[in-house]
Amino acid sequence: MRVALLTEGVRPRSPRGAGGWCDRLVDGLREHDFAWYVLAGTAGAAGTAATAGTGGTPRTDAGAEAEDATRPAVRELALWGRRPAGRAPGALRGRQYAAAYDRLVRALLRPGERSEFGPGLYRLAELARADGALPAFLVSDRARRVLERVWRSPGADTSAGQPLVCDVLVAADLLEQCLRPLSAPWYGTAPGGLGAADLCHVVGGGPAALPALVAKQLHGVPFVVTEHGLHLREQYLGYREAPYRWPVRALLLAFFRALTEETYRQAAILTPGSAHDQQWQRRCGADPARTRVVYEGTPAVERPAAGPEPDAPTLVWAGALEPGRDPELALHAFARVRAELPAARLVLHGEEAVAGYRAHCAAVAERLGVADAVEFAGRPRSAADAWADGTVVVFSALSQRRPRLLADAMLSGRAVVSTDVGVAREVVGPTGLLVPPRDPQALAGACLALLRDGERRARLGLAGRLRAQERFAVEPVTGAFREIYLELVSQWPAFPAAAPDAGAGPRPRPFARPAEYWITDRRHTEPPEAAAAPVPGAPVPGDPVPGDPVAADGTGSTGTGSTDDDGGTADRADGAGALVALSRGRLPAAGEAPDRAGSFAEAV
């Protein structure tokens with residue numbers, strides 16, 4: 001089937017063998033045809049960008065495709081930076097744009113009208129598809145006047161402060177950038193359009209879900225949403241330090257909150273990366289019946305376990321040096337550990353994420369009297385090297401939003417001690433020790449218990465490695481999405497937007513390749529078009545075969561012939577052989593017996 005991958009950020013295109021999650025999904029599901037639709041950061045920011053300096057008009061990178069024709073086509077749209085070019089709407093159409101934009105803004109600023117977000121969004125997309133004037137309208141004075149009027153009207157939510165003129169200008173620009181996917185040239189049933197896809201797969205959520213919402217509204221295409229770290233949660237965390245005044249931050253967060261709720265409501269299936277994220281999605285209105293946890297697979301499961309433990313008892317800590325990771329808790333716990341084990345050491349791997357925080361941690365170690373046993377090792381060459389430096393791995397964060405780092409530490413075979421926050425209990429389970437956050441005495445006690453018991457360390461390390469290999473292997477991820485894709489297309493009509501009696505042109509095929517393609521060896525030697533094309537002069541399955549007697553009522557003799565020695569019917573066997581031969585591109589010659597054994601072996 002044809003699958004459209006919708007992502008936001010840098011271009012998800014990398015050399016084979018060093019790809020990310022999308023690359024692994026495409027490589028694991030080679031029976032499907034994938035195409036990438038990327039909301040790039042800025043025009044040309046994705047390396048060999050597919051935006052040819054025309055204000056974000058996407059094109060396929062022919063040079064990159066020539067290097068590896070097996071990779072999916074990539075179409076990009078610049079989400080930030082220079083505004084797309086376009087003509088302004090006329091007077092009548094301008095009023096229609098203003099009414100739809102007013103509806104959208106009211107949903108963001110008036111708590112009682114939040115249900116109008118979806119209708120306003122789809123109306124803007126419909127108008128943009130008709131004349132392509134949405135980008136010019138969103139940057140016009142008329143759009144700014146609509147925003148200012150609604151924002152300052154009675155009943156608007158101004159708990160974050162009254163908006164100033166500068167707030168209106170900044171917020172209008174940010175909303176224009178967020179709404180750019182509505183005017184992307186991706187909608188339609190022509191090749192390359194989202195309407196020609198069997199389903200859309202949104203990776204990451206946020207603005208990347210806008211094209212999927214529009215494709216479902218216009219063409220009835222279902223979509224799946226995969227989030228490894230919730231987009232709305234990251235927006236709430238990121239806007240705390242955004243360079244905007246609080247009224248602007250509140251308006252943009254209202255937009256992302258409404259977009260997330262509409263996405264969860266319209267998605268056919270949600271696949272969060274952990275049960276912890278699943279609970280967040282339910283709080284945002286996700287239907288539990290349409291939510292399935294699919295862990296983020298990692299190729300690190302094939303990595304061998306770490307080598308022998310270091311000679312001195314060593315605690316290893318890894319992460320960004322910032323208050324949220326709470327390396328101070330590890331320092332205070334280590335001071336208690338060293339009081340019991342004077343030979344103990346602490347190695348902290350990670351780069352400084354907050355200016356001056358490394359010096360602050362060094363001062364804390366100096367004040368605790370353990371500076372000579374603490375090493376700030378910086379960024380390691382690889383995660384495997386970091387875990388190999390320690391006897392016990394320590395996580396002291398105040399929150400664990402993603403399981404990837406914990407799982408990587410468990411794959412090393414080292415015993416893990418972690419604060420009981422976020423996904424830690426779900427990932428570590430009974431294979432490690434969990435302690436309350438901000439409790440140095442509990443953390444020190446857990447570390448001492450493992451440092452003094454080598455047999456327990458080995459047992460927990462092996463159990464943790466096996467648990468991580470079982471949950472975070474790549475094959476279960478691709479298998480889960482193979483089942484999800486097939487389930488969706490079995491429940492949704494193929495091409496609901498296509499007219500049933502369209503007289504012009506061939507009827508669209510519901511799948512990229514026919515079923516016969518997968519039971520022959522033609523897929524290794526011929527392109528899908530050659531495998532799917534009918535043989536000139538060959539009969540179409542279901543039509544009478546020349547020379548086959550046909551009854552007067554229109555029924556053929558196939559299926560009603562004499563019974564053979566095996567209890568079947570000879571005519572049915574001949575028909576099965578003809579179908580297999582037809583899939584190979586030929587019919588059996590006169591008197592030729594169909595090769596049933598060989599056909600079954602091929603099918604297996």
Side-chain angles (χ1 to χ4, degrees), residues 4 6 35 37 39 51 54-59 75-79 82-108 115-147 150 172-173 175-197 200 202 207-223 255 258-259 262-263 266 495-505 508:
L6 299 166
Y37 297 81
L39 301 180
T51 52
T54 58
T57 303
R59 65 172 179 85
R75 298 170 178 86
E76 296 185 5
L77 181 74
L79 191 60
R82 187 173 60 181
R83 301 184 181 94
R87 60 182 180 83
L92 176 60
R93 186 52 62 93
R95 288 194 293 271
Q96 295 175 346
Y97 272 110
Y101 191 61
D102 179 271
R103 198 173 186 179
L104 178 71
V105 172
R106 285 178 178 274
L108 302 180
S115 61
E116 295 297 312
F117 178 82
L121 192 71
Y122 301 136
R123 179 56 177 163
L124 285 176
E126 180 183 353
L127 294 172
R129 179 168 168 77
D131 59 10
L134 178 60
F137 168 78
L138 292 176
V139 299
S140 65
D141 292 337
R142 188 168 195 168
R144 298 188 184 99
R145 288 196 299 269
V146 170
L147 177 60
V150 176
D173 286 344
L175 285 177
E176 180 271 326
Q177 293 170 345
C178 292
L179 293 174
R180 282 186 190 182
L182 297 181
S183 55
W186 297 341
Y187 311 111
T189 56
L194 293 178
C200 296
V202 181
L210 280 172
L213 289 169
V214 176
K216 182 184 179 184
Q217 182 71 16
L218 296 179
H219 310 294
V221 179
F223 66 94
F255 173 82
L259 177 60
E262 181 68 15
T263 301
Q266 297 294 339
F495 302 101
D501 298 326

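Scope of the values below: all heavy atoms of this structure, side chains included, with no hydrogens, waters or symmetry mates.
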Heavy atoms only: give me the nearest Gly94-Arg142 pair and the separation to one decimal.
C-NH1, 3.6 Å
Working to the nearest 0.5 angstrom, can you tell me the gap between Arg106 CZ and Glu116 CD?
10.0 Å
Side chain to side chain contact (heavy atoms under 4.5 Å, CB included) for Leu175 and Leu138? Distances and angles first, verdict last.
CA-CA 8 Å; Leu175 285 177; Leu138 292 176; over 6 Å; no
Distance alone, cut at 3.5 Å: any donor-acceptor contact between the side chains of Tyr101 and Gln96?
no
By side chain to side chain contact (heavy atoms under 4.5 Å, CB included) - contacts of Ala209 (at least two apart)
Val202, Thr263
Is any side-chain heavy atom of Leu213 closer than 4.5 Å to a side-chain heavy atom of Phe223?
yes
Ignoring hydrogens and geometry, is there a side-chain-to-backbone donor-acceptor pair from Arg144 to Ala172 under 3.5 Å?
no
Rounded distance (nearest 0.5 Å) linking atom OG of Ser183 with atom CG of Leu127:
12.0 Å
How long is the span from the NZ atom in Lys216 to the SG atom in Cys200, to the nearest 0.5 Å?
11.0 Å
Sequence neighbours left out, what passes ring-ring contact (aromatic ring centres under 6.0 Å, His included) with Tyr97? Give chain and number order.
Phe137
Do Gln177 and Arg180 have side-chain atoms, one donor and one acceptor, less than 3.5 Å apart?
no
Is there side-chain contact between His219 and Val214, with heavy atoms separated by less than 4.5 Å?
no
Closer than 4.0 angstrom, basic N to acidic O: yes or no for Arg123 and Glu126?
yes
Any side-chain heavy-atom pair of Arg129 and Leu218 under 4.5 Å:
yes
Would you give the length of the straight line joining atom CG of Leu39 to atom SG of Cys178, rounded to the nearest 0.5 angstrom?
10.5 Å
Steps toward side chain to side chain contact (heavy atoms under 4.5 Å, CB included) verdict (Leu210, Leu259)
CA-CA 8 Å; Leu210 280 172; Leu259 177 60; 3.7 Å; yes
Does some side-chain heavy atom of Leu104 sit less than 4.5 Å from a side-chain heavy atom of Pro119?
no
Hey, mind stepping through Val150 and Leu108 against side chain to side chain contact (heavy atoms under 4.5 Å, CB included) and telling me if it holds?
CA-CA 10 Å; Val150 176; Leu108 302 180; over 6 Å; no
Measuring from Arg75:CZ to Leu194:CG, what's the distance to the nearest 0.5 Å?
9.0 Å
List for me each residue that meets ring-ring contact (aromatic ring centres under 6.0 Å, His included) alongside Phe255, sequence neighbours excluded, and say none if there are none.
Phe117
